[in-house]
Amino acid sequence: MKSRCCSGGRGLEETSHACRACDVGTMLVLPTLAARPLRPPPHLAPPPFASSWNCRTKRTLLQPGPFAAGADTPRGRGAPLPEPEQRDQLLLAALHAARLRDEESRRPDPLFIDPYAAVLLSLDVAHQASESLPLHLTPCADHYRLTTRYVDDKLQNLITSSDNFRQIVLLTDGMDTRPYRLSWPKLSVVYDVSPGRVFSAAAQQLRGAGAKIPRNCVLLHTPLESPSLQEGLCKNGFNGNRPSLWVLQGLPLFTSSSLENLLLVISSLAMKGSIFIGELTHFPDWTAAADMVSEKDRLENLFFTQGFQVSFVHYENVARDLGLGYENVAKDLGLGLAPPRKQCGRVLLVAEQLRFSDAQMESFRTHFERTEEDADEEGFEEL
């Protein structure tokens, strides 16, 4: 009963894989989706620029108004960001993304408004962030803005159309302001997984600006540098017997192995029917996948092995849904979009979890054991 299985179901959008099904009573599993025996969760190696700063994860349920900050966050006005020589590249990458959000917010007809992006910026990093970063850490301006709007809309649609999604996991660069600028239903728990140093710096800045999340909601942080993300999220109260939404935008993933390890963690935690939304960059170790089709196939297979049914979202479709013809996006947005997939090698996708989580399988096991014990007792009484 330790293996995990999935039941058939239709995907969210276009998909090339057939649905898988199993009967819970007999627990028959297709070989391709049969889970490996339970084992300790994989360790996501800290990124090359990991910081020595620690970010405590203990949080308390928000009372009306106050900002959910860690015990190590000083009170009063937020402290300034570290001096340029103290900044690492992960911090600069997050600042660069915040600058893109601030620039978009200041346009006459913005795709989105982030009132807190400017709080995270300082004049001396406006150009440094974009000039000194490697390509895989530099968000592509045009796609980043479209992705941000798409993820915002997708999140809001999912949480308003269903009462089930009250666990939201944001896999970020540490400066994601969605917990403060989006409208969350009551009793929502937002988990932020990001580099601890960046999150600490951002939390101080946002606290000083009076940023707050909605009443009766809570924001909990799990540092990317944690020995075990799975254990860290569970200690913060993540419940694998409840549906969850997972959003990946900005989390530094440098190799395909880091993505594979992350998906293994999510697959173990996410209840069947949970949703994953994300933007992925091209991985340097996938040098053989030079064309769009082969890389998509690799991603699709990678998600499939962890029980996810994936659908790819084209940026031109996002622009069209916003009432913007892809050919005219450069003119309408002032972004200068290149043909699809040629900018920064990024891909946008949505996936649905078809497997049961570890917590669900444990619940099934306990239920079946109790049923067997009751049956044995009844048989003994008949004798």
Side-chain angles (χ1 to χ4, degrees), residues 3-24 27-36 41-42 147 150-151 153-155 157-159 161-162 164-165 167-171 230 238 240-249 251 253 256-281 283 286 289 292-315 317-318 321 341 346-361 364:
S3 62
R4 309 206 345 258
C5 60
C6 67
S7 64
R10 300 187 63 181
L12 296 175
E13 299 176 20
E14 298 178 2
T15 178
S16 60
H17 288 290
C19 300
R20 280 86 67 188
C22 73
D23 180 83
V24 175
M27 306 305 290
L28 298 178
V29 184
L30 290 178
T32 55
L33 283 182
R36 295 172 291 277
T147 298
Y150 176 81
V151 171
D153 290 347
K154 196 75 173 177
L155 272 175
N157 290 337
L158 287 170
I159 63 178
S161 61
S162 173
N164 294 326
F165 294 116
Q167 293 187 121
I168 301 93
V169 184
L170 304 177
L171 308 165
Q230 184 169 343
F238 185 89
N241 284 307
R242 296 176 55 196
S244 53
L245 297 175
W246 300 73
V247 175
L248 172 62
Q249 188 183 20
L251 187 76
L253 298 174
S256 59
S257 296
S258 61
L259 173 60
E260 185 175 4
N261 288 337
L262 177 64
L263 290 178
L264 182 56
V265 171
I266 298 175
S267 180
S268 298
L269 290 173
M271 176 181 174
K272 178 178 170 293
S274 296
I275 304 298
F276 177 97
I277 311 167
E279 183 183 50
L280 293 170
T281 187
F283 295 112
W286 279 0
M292 177 179 177
V293 175
S294 60
E295 186 156 357
K296 279 192 173 182
D297 286 343
R298 287 193 177 204
L299 284 173
E300 193 168 23
N301 290 333
L302 183 58
F303 274 82
F304 181 75
T305 57
Q306 299 302 331
F308 288 95
Q309 190 175 40
V310 66
S311 300
F312 296 99
V313 180
H314 298 286
Y315 291 97
N317 293 339
V318 177
D321 291 341
R341 188 61 180 173
R346 294 181 180 254
V347 60
L348 182 61
L349 55 87
V350 180
E352 179 181 3
Q353 172 64 293
L354 300 179
R355 285 180 177 172
F356 294 115
S357 66
D358 288 351
Q360 286 181 289
M361 293 305 300
F364 295 151

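Positions are given from 1 along the sequence.
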*Please test Leu259 against Leu299 for side-chain contact (heavy atoms from CB on, under 4.5 Å), starting from the C-alpha separation and ending with a verdict.*
CA-CA 10 Å; Leu259 173 60; Leu299 284 173; 3.9 Å; yes
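- Within the model, atoms CD of Gln360 and CZ of Arg242 stand 13.0 Å from one another, a figure rounded to the nearest 0.5 Å.
- At least one side-chain heavy atom of Val350 sits under 4.5 Å from a side-chain heavy atom of Tyr150.
- For the pair Ile266 and Gln353, the tightest heavy-atom approach, listed with the atom from each and the gap, is O-NE2, 4.4 Å.
- The line from CG of Leu302 to CG of Leu280 is 9.0 Å long, rounded to the nearest 0.5 Å.
- We find the CH2-CD1 distance between Trp246 and Ile168 to be 11.5 Å, quoted to the nearest 0.5 Å.
- Side chains of Lys154 and Ile275 form no contact here, defined as non-hydrogen atoms less than 4.5 Å apart.
- Here the closest heavy-atom approach between residue Ala270 and residue Ser357 is recorded as O-CB, 3.3 Å.
- In this structure, Asn317 CG and Phe312 CZ are separated by 14.0 Å, a value rounded to the nearest 0.5 Å.
- The side chain to side chain donor-acceptor pair (under 3.5 Å) search around Ser256 returns Asp285, Trp286, not counting sequence neighbours.
- Considering every non-hydrogen atom in both Phe303 and Val310, the closest pair reads CB-CB, 4.3 Å.
- Among all heavy-atom pairs drawn from Thr281 and Leu253, the shortest one is CG2-O, 4.5 Å.
- Contact record, Val169 with Phe238: CG2-CE1, 3.8 Å, taken as the closest heavy-atom pair.
- Not a single donor-acceptor pair under 3.5 Å links the side chain of Gln249 to the backbone N or O of Thr147.
- If you take CG on Leu170 and CG on Leu245, they are separated by 9.5 Å, rounding to the nearest 0.5 Å.
- The side-chain heavy atoms of Asp321 and Asp153, taken from C-beta on, include no pair separated by under 4.5 Å.
- No side-chain donor-acceptor contact under 3.5 Å links Ser267 to the backbone of Leu263.
- Closest approach of Pro243 and Asn164 over heavy atoms only: CG-CB, 3.8 Å.
- Here the side chains of Gln306 and Arg355 are in contact, with some heavy-atom distance below 4.5 Å.
- Panel note: side chain Ser268, backbone Leu264; a donor-acceptor pair is recorded below 3.5 Å.
- Contact annotation: the side chain of Phe276 approaches that of Leu349 to within less than 4.5 Å [non-hydrogen atoms, C-beta and beyond].
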